[in-house]
Amino acid sequence: KDVIPPLEQLMVEKEGYLQKAKIADGGKKLRKNWSTSWIVLSSRKLEFYKESKQQALSNTKTGHKPESVDLCGAHIEWAKEKSSRKNVFQITTVSGNEFLLQSDIDFIILDWFHAIKNAIDRLPKD
Ligand code: I3P
């Protein structure tokens with residue numbers, strides 16, 4: 001019998017591990033706390049999983065949901081001044097959530113920056 005994957009999985013554009021810190025929620029500043037996150041980019045959203053991909057997949061089956069970020073109207077910019085780390089960019093959502101993403105490996109962070117920027121630029125602004 002064929003297994004039909006959920007539509008979201010068919011639209012995945014990029015996935016991988018990055019360092020992530022959420023620094024604001026609904027405009028309210030949060031204490032910065034870096035952690036490794038499994039990140040999945042599809043056409044209009046980013047999903048952050050706290051766990052490994054394997055763990056994330058099995059958790060999805062049990063109804064556990066990742067943090068989901070709506071890219072419609074979102075902003076992305078390099079954020080050198082927001083961290084002592086290298087290769088940091090920030091995503092700001094319409095709802096006022098702010099995330100920093102980081103990798104020590106230059107080409108990895110560049111690929112992610114351009115993939116997310118392209119996704120945002122293709123979407124309607126509101
Ligand atoms: C923070 C922690 C972060 C650091 C942040 C510190 O301390 O060391 O790693 O951010 O710097 O405040 P704590 O764990 O006590 O909250 P970077 O690694 O991005 O520099 P910041 O306050 O200058 O953002």
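Each ligand, and each atom within it, is numbered from 1 in the order the structure gives. Everything numeric here is computed off the predicted structure, so don't read it as measured data. We number each residue from 1, following the sequence as shown.
Protein heavy atom closest to atom 9 (O) of ligand 1, with residue, atom name and distance, is Trp34 CD1, 3.5 Å. Scanning the protein heavy atoms around atom 13 (P) of ligand 1, the nearest turns out to be Arg31 NH2, 3.4 Å. Counting only heavy atoms of the protein, atom 20 (O) of ligand 1 lies nearest to Ser84 OG, 2.6 Å. Nearest protein heavy-atom neighbour of atom 19 (O) of ligand 1: Ser83 OG, 2.5 Å.
Residue Val69 forms a side-chain contact (heavy atoms from CB on, under 4.5 Å) with just one option from Thr93, Ile116, Asn97, and that option is Thr93.
For atom 3 (C) of ligand 1, the nearest non-hydrogen atom from the set Gln102, Gln19, Lys82, Lys32 comes from Lys32.
Classified by interplanar angle (parallel below 30°, tilted 30° to 60°, perpendicular above 60°), the ring pair Tyr17/Trp38 is perpendicular.
Judged purely by distance below 3.5 Å, without hydrogens or angles, the side chains of Thr36 and Gln19 pair a donor atom with an acceptor atom.
For atom 15 (O) of ligand 1, a protein heavy-atom neighbour is found at a distance under 4.0 Å.
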*Step by step, would you call Asp104 with Arg85 a salt bridge (Lys or Arg N to Asp or Glu O under 4.0 Å)?*
CA-CA 8 Å; Asp104 286 338; Arg85 298 174 176 217; over 6 Å; no
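A 4.5 Å side-chain heavy-atom check between Ile108 and Leu18 finds at least one atom pair inside the cut-off.
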